[in-house]
Amino acid sequence: MTSRWPAPGWLIVALGIALYGAPAGAQNGSQFREWKTSLEAKPIAAHASCAALVTLTGFELSITTAATIPASAEAPGFCRVSGQIQPEIRFEISLPAAWNGRLYMFGNGGYAGEPLDAPGRVASTRRALTRGFAVAQMNSGHDAAAEPIGTFAASPQKFLDYAYRGVHVTVLAARRLLQAFYDAPPHHTYFDGCSTGGRQGLIAAQRFPDDFDGIVAGAPVLDFTGTMIGYVNNQRALSAAPLTAEKLKVVAEAVYAKCDAVDGVRDGLIDDPRRCPFKPSDLPPCPDDADRPSCFTSAQVHALDAIYAGVKRNGVEVVPGWPVGAEVAAPAPNGTTVSAWVPWFLSGPNGRPIEALFGETFFKYIAFGRPNPTYDWTTFNVETDDDKLQAVRSALDATDPDLSRFKARGGRIVSYFGWADPALNAMMGVNYYESVLRRLGAPATDFYRLFMVPGMFHCSGGIGTSTFDAFTPLVEWVEKGAAPQSIPAARLAQEKVVRTRPLCPYPEVARYKGSGSIDDAANFSCGKP
């Protein structure tokens with residue numbers, strides 16, 4: 001198979017969305033915004049020269065550059081170390097001149113392979129450096145420009161690096177560099193990621209519980225395999241009965257008209273889609289079943305039924321039904337207003353839906369253990385083919401509910417998921433969290449808390465209060481024992497705060513106190529649904 005070719009336009013668009021923004025990037029750009037002076041630590045100075053770190057090159061680890069970067073308006077002075085771990089895990093470790101004794105590693109997005117100097121990744125590094133953290137990042141073991149989306153998995157080792165090895169060996173390399181540079185190990189190590197990064201964080205807790213003291217797992221694609229099966233289901237349904245962006249507006253209006261006030265306050269949000277009684281049959285039918293812009297044919301109703309019903313095998317749920325609420329439109333970074341289903345479920349202005357791009361590459365290059373570029377992914381049959389996916393599940397999915405080793409060594413997890421996420425089924429996060437509670441019992445809340453965000457799209461954006469700092473509460477929990485009872489969140493419009501709300505630890509929700517502005521967090525408290 002040819003491993004290098006020019007990326008067509010649709011692929012460039014997909015990579016741009018999936019790797020660097022959906023819509024604002026797989027990394028939470030609001031981390032550290034609530035950082036407190038009480039968390040500051042006595043700085044640790046360098047013990048060795050930056051340039052001398054190149055001598056740490058060994059059999060598996062190659063240090064390509066180690067250079068001192070002077071202080072600027074964006075970041076303090078630091079030593080930037082770049083290198084590679086066999087075979088192709090490219091990493092970067094940033095070591096501040098005044099170190100707070102902590103290591104911060106952040107994750108990847110989509111099928112990863114990002115350039116380490118992508119603007120969003122540079123911004124994440126600077127945010128942590130400014131607070132005195134040493135920072136680690138890596139590309140997960142391949143270069144997406146050379147091996148787009150899932151094609152890298154033609155190499156078994158690159159697949160394993162993406163699945164679970166990349167984060168682990170990078171944090172080991174970072175610890176070695178910290179010891180050499182400061183003559184001290186980190187007193188706390190943290191991981192922060194969303195989407196693929198969220199999955200990476202949970203993989204670390206399950207497979208390598210000693211790697212991190214605290215993990216932020218945002219919108220984790222923890223059931224990667226199930227997600228791709230769900231994409232098959234959705235795209236088959238929509239191929240048989242296409243919908244338009246105009247019709248999505250009708251769907252969204254019907255959903256929110258029926259479900260907005262179920263939680264007791266009409267605020268344009270659905271607190272918990274599971275309580276929403278909407279059914280596709282509630283939509284206006286087309287007379288004579290002839291397709292028109294503002295009505296729905298029986299085939300289109302059937303397609304929506306299939307999406308909201310999920311996937312079953314022998315009557316047992318394999319993929320949960322998609323929660324309602326993501327059909328709604330919200331302002332996009334380019335200034336337009338567009339449904340969250342575009343371009344995930346439906347084609348955007350530049351090509352195929354992302355579900356089709358991601359699902360197709362998974363089944364052609366990853367699902368069955370060897371590449372088959374001619375495989376028609378839409379023919380996947382969950383009844384007959386699901387057992388063929390067990391090998392990839394065991395390596396790629398982060399669904400093991402046994403977090404007892406991570407809990408026993410004092411680890412902490414803060415997870416979050418947008419209820420209106422169009423990329424990943426939010427029930428994936430809820431179901432996993434509940435599986436951990438069943439496995440470990442109620443004390444699981446002593447180390448693991450999930451925060452569901454009404455109206456939030458994938459990792460950020462949407463119509464909810466999607467601007468929040470999940471990282472600072474994690475540090476306070478790990479180092480001060482203060483478990484987060486809520487997380488302050490805001491909704492921004494044109495960079496101005498227009499609504500604040502508390503995010504509550506699942507299953508609690510933000511309940512209106514009955515008086516005062518519904519846009520002020522002071523008038524809400526966390527409580528039982």
Side-chain angles (χ1 to χ4, degrees), residues 22 195 198 219-245 247-256 258-259 262 269-283 296 299-313 316-330 338-347 353-359 362 378 380 382 417-434 452-459 461-464:
S195 194
V221 55
L222 60 99
D223 185 0
F224 197 110
T225 306
T227 296
M228 298 303 145
I229 294 173
Y231 286 0
V232 174
N233 176 66
N234 296 346
Q235 291 304 305
R236 269 203 301 246
L238 292 170
S239 294
L243 296 175
T244 63
K247 291 206 176 196
L248 282 183
K249 184 175 184 293
V250 179
V251 176
E253 289 172 350
V255 167
Y256 280 80
K258 195 149 193 172
C259 305
V262 169
L269 295 175
I270 299 173
D271 274 6
D272 187 340
R274 294 172 298 181
R275 301 174 63 199
C276 175
F278 169 81
K279 302 182 299 297
S281 57
D282 296 332
L283 295 166
F296 293 79
Q300 289 167 341
V301 169
H302 178 72
L304 289 169
D305 275 330
I307 292 169
Y308 297 136
V311 181
K312 292 181 175 61
R313 185 191 190 203
V316 178
E317 182 177 273
V318 175
V319 180
W322 210 280
V324 297
E327 311 85 359
V328 71
V338 64
S339 167
W341 276 31
V342 179
W344 288 95
F345 287 74
L346 275 61
S347 299
I354 297 177
E355 282 193 346
L357 298 176
F358 279 19
F362 172 80
T378 63
F380 177 81
V382 71
F417 224 122
W419 269 124
D421 193 323
L424 302 176
N425 190 321
M427 286 304 302
M428 180 168 48
V430 170
N431 290 344
Y432 176 72
Y433 181 75
E434 291 181 341
M452 300 302 294
V453 189
M456 187 172 82
F457 291 174
H458 187 48
C459 294
I463 60 171

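Computed from heavy atoms alone, side chains included, the values below leave out hydrogens, waters and symmetry copies.
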Would you say the side chain of [Y] lies within less than 4.5 Å of the side chain of [X], judging by non-hydrogen atoms?
{"X": "Met427", "Y": "Tyr432", "value": "no"}
{"X": "Leu269", "Y": "Trp419", "value": "no"}
{"X": "Leu243", "Y": "Leu238", "value": "yes"}
{"X": "Ile270", "Y": "Val262", "value": "no"}
{"X": "Leu248", "Y": "Phe345", "value": "no"}

Side chain to side chain contact (heavy atoms under 4.5 Å, CB included) evaluation trace for Thr378 with Gln235: CA-CA 8 Å; Thr378 63; Gln235 291 304 305; 6.0 Å; no

Can you list the residues that meet the side chain to side chain contact (heavy atoms under 4.5 Å, CB included) rule with [X], with sequence neighbours excluded?
{"X": "Ala299", "result": "Ala241, Thr297"}
{"X": "Val328", "result": "Ala252, Tyr256, Phe457, Ile463"}
{"X": "Ala329", "result": "Thr337"}
{"X": "Val324", "result": "Val255, Pro273, Cys276, Phe278, Tyr308, Glu327"}

Show the nearest heavy-atom pair for residues [X] and [Y], with the distance to one decimal.
{"X": "His458", "Y": "Pro422", "answer": "N-CD, 3.7 Å"}
{"X": "Asn431", "Y": "Pro320", "answer": "ND2-CG, 4.0 Å"}
{"X": "Phe296", "Y": "Val251", "answer": "CZ-CG2, 3.5 Å"}
{"X": "Arg313", "Y": "Val382", "answer": "NE-O, 3.1 Å"}
{"X": "Gly429", "Y": "Leu222", "answer": "CA-CD2, 4.4 Å"}

Partners passing ring pair (Phe, Tyr, Trp, His ring centres under 6.0 Å) against Tyr231 (at least two apart in sequence or in another chain): none

Derivation and outcome, side chain to side chain contact (heavy atoms under 4.5 Å, CB included), residues Asp305 and Val301: CA-CA 6 Å; Asp305 275 330; Val301 169; 3.8 Å; yes

Within residues 273-282 or reaching into it, pairs that qualify as side-chain hydrogen bond (donor to acceptor under 3.5 Å, both in side chains) - sequence neighbours excluded: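 Qualifying pairs: Lys258-Asp282, Asp272-Arg274, Arg274-Tyr506.
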
